[in-house]
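A short worksheet on the structure shown next.
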Protein chains: 2
Amino acid sequence: MREIKLSQSEPKRKLLDAAEQLFAERGFEAVSVRDVTQLAKANVAAVNYHFGSREGMIALVISRYVTPIHEERIARLDALEKKWPGKVVPLEELIDAFVRPLAGTVRKSDLSEQLFCKLVGRIFSLQGEALPPAVEEQMKVSIDRFMKAFAKALPTVPSEELIWRTHFMAGGVIHMLLNQEMLHRLSGGASGTPTMEGILARFIRFAAAGLREGVEVEPTPKKGPQATFDF
Amino acid sequence: MREIKLSQSEPKRKLLDAAEQLFAERGFEAVSVRDVTQLAKANVAAVNYHFGSREGMIALVISRYVTPIHEERIARLDALEKKWPGKVVPLEELIDAFVRPLAGTVRKSDLSEQLFCKLVGRIFSLQGEALPPAVEEQMKVSIDRFMKAFAKALPTVPSEELIWRTHFMAGGVIHMLLNQEMLHRLSGGASGTPTMEGILARFIRFAAAGLREGVEVEPTPKKGPQATFDF
DNA sequence: GTTTGATTGAATCATCCGTTTGACAGCTGG
DNA sequence: CCAGCTGTCAAACGGATGATTCAATCAAAC
């Protein structure tokens, strides 16, 4: 009998959209409640009414981005381990599963691809400073699963070394997400394929080479650069 | 318009020291002039008197960090090119010359090593948002020189590819500088050598492998337009 | 000793911030 | 009809911020 409202009320969604856009453009700290409500054409009190506080709104924006990314990471990793039963998942495919969800595969809002990436980069560069506990927990879970997968794919790399290398890799993605626009602009026509797909392919090759530095390559027939989709 | 004196007076230096420490700990945006003057035990007006404005103080802090780093980068690159006259400078030595100045070789203040690195990371993650023009120019100069050196060391890597790879590398350093403390904490005893020297050695191996991914076979020298970008 | 210019100090300004309030409208179920 | 809930709104509150004012201080030059 009791009716449950599932749909987001219209102004609340407009607030979230405005907040996402402004956060992506300027960063969390540089956006005021009044900026958001002005862009959303809502009243100043709307933020505190709908989200409790400014921090609540930020936490909601963050979790709405991180959760789908986390779930897709896990799903892709599950799919990979099912695809290579018992065997070792190829490193490039692991990196792909780890990185691609950050690059806009899961689109929740109607932000442009660049703004989406920028916001994701900002979120993941926070690194436990002001992250909601639930979000931090999700991050830890994915990191843990992928670290184990990386360790299995690179059994000859000492675990301490692997920690640092994945750390460097993470920094590379975040920096790429945050500054791809600037790189496109400054490099003029020299940055080649400006599509996210091309950037991802480049990054995966770079990160894979760095991660497996020093491991002896068995006579496994290596194919050329792969920029393939799995699904 | 108030005249700004250039000579270092005692309270001015104390202001800069306090500002450096707070900026490193909390970030530029999260520090008010009152925080700085309180820590420096100076009057609130001192900031505006000595630096013209809060932004002027920030710009001075930034340039006092970036300029020595830039100069040492250039000096190390000059030394390398003199050490290998006519020859190709080994990639690892180039990366070392590029990265080591960021890690505290040049110490201007009495900040702890971690705070120094964190501040450097914060500065270089600004990426042309609020950087003083002179500082941005210095960055462009070093990037340009090192990009040419990298291109010479890796003649078979297409220039577009090289731009992206150096970009990934830059992200790795910045992330490492900003979050090394967190990594130490999260990895517990698993992160092995926590010394900056050890981290640098790890990073150089990682970055070198990523930069020269795919080189050893079939040298196809390619020439393309060179590009500069912030780092 | 007086003058002068550079600093410092306390108070104040105007503005912005996040949040709260209370009034008001629209709707719903009784 | 009217209670009661929900959402919106203008207005205001208390606080923090960067900047400014103006008198007081102080050391050196004259």
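Naming convention: chains lettered A, B, ... in sequence-line order (proteins, then strands); numbering from 1 in each chain.
When distances are taken from the side chain of B:R34 to each of D:dT21, D:dA19, D:dG7, the shortest belongs to D:dA19.
Between B:N48 and the phosphate of D:dG18, there is no side-chain N or O to OP1/OP2 separation shorter than 4.0 Å. Proximity of B:N43 to the phosphate of C:dT7: no side-chain N or O atom is located under 4.0 Å from OP1 or OP2. In this model, the phosphate group of C:dA6 is not approached by any side-chain N or O of B:H50 to a distance below 4.0 Å at OP1 or OP2. Taking side-chain N and O atoms only, A:S32 has a distance below 4.0 Å to OP1 or OP2 of C:dC17.
One finds no salt bridge joining A:K118 and A:E25 here, because no Lys/Arg side-chain nitrogen approaches an Asp/Glu carboxylate oxygen to under 4.0 Å.
For B:D35 (side chain) and B:S32 (main-chain N/O), a donor-acceptor pair under 3.5 Å exists by modelled atom type. Not one N or O on the side chain of A:R165 forms a donor-acceptor pair closer than 3.5 Å with the backbone of B:F206. Side chain of B:R122 to main chain of B:A24: a donor-acceptor pair is present (N/O by atom type, distance under 3.5 Å, no hydrogens or angles).
Heavy atoms of A:A46 sit nowhere under 4.0 angstrom from any nucleic acid atom. Within the nucleic acid shown, A:V47 has no heavy atom closer than 4.0 Å to any nucleic acid atom.
Regarding A:Y49, its OH atom lies at a distance of 18 Å from the P atom of C:dC24, rounded to whole Å.
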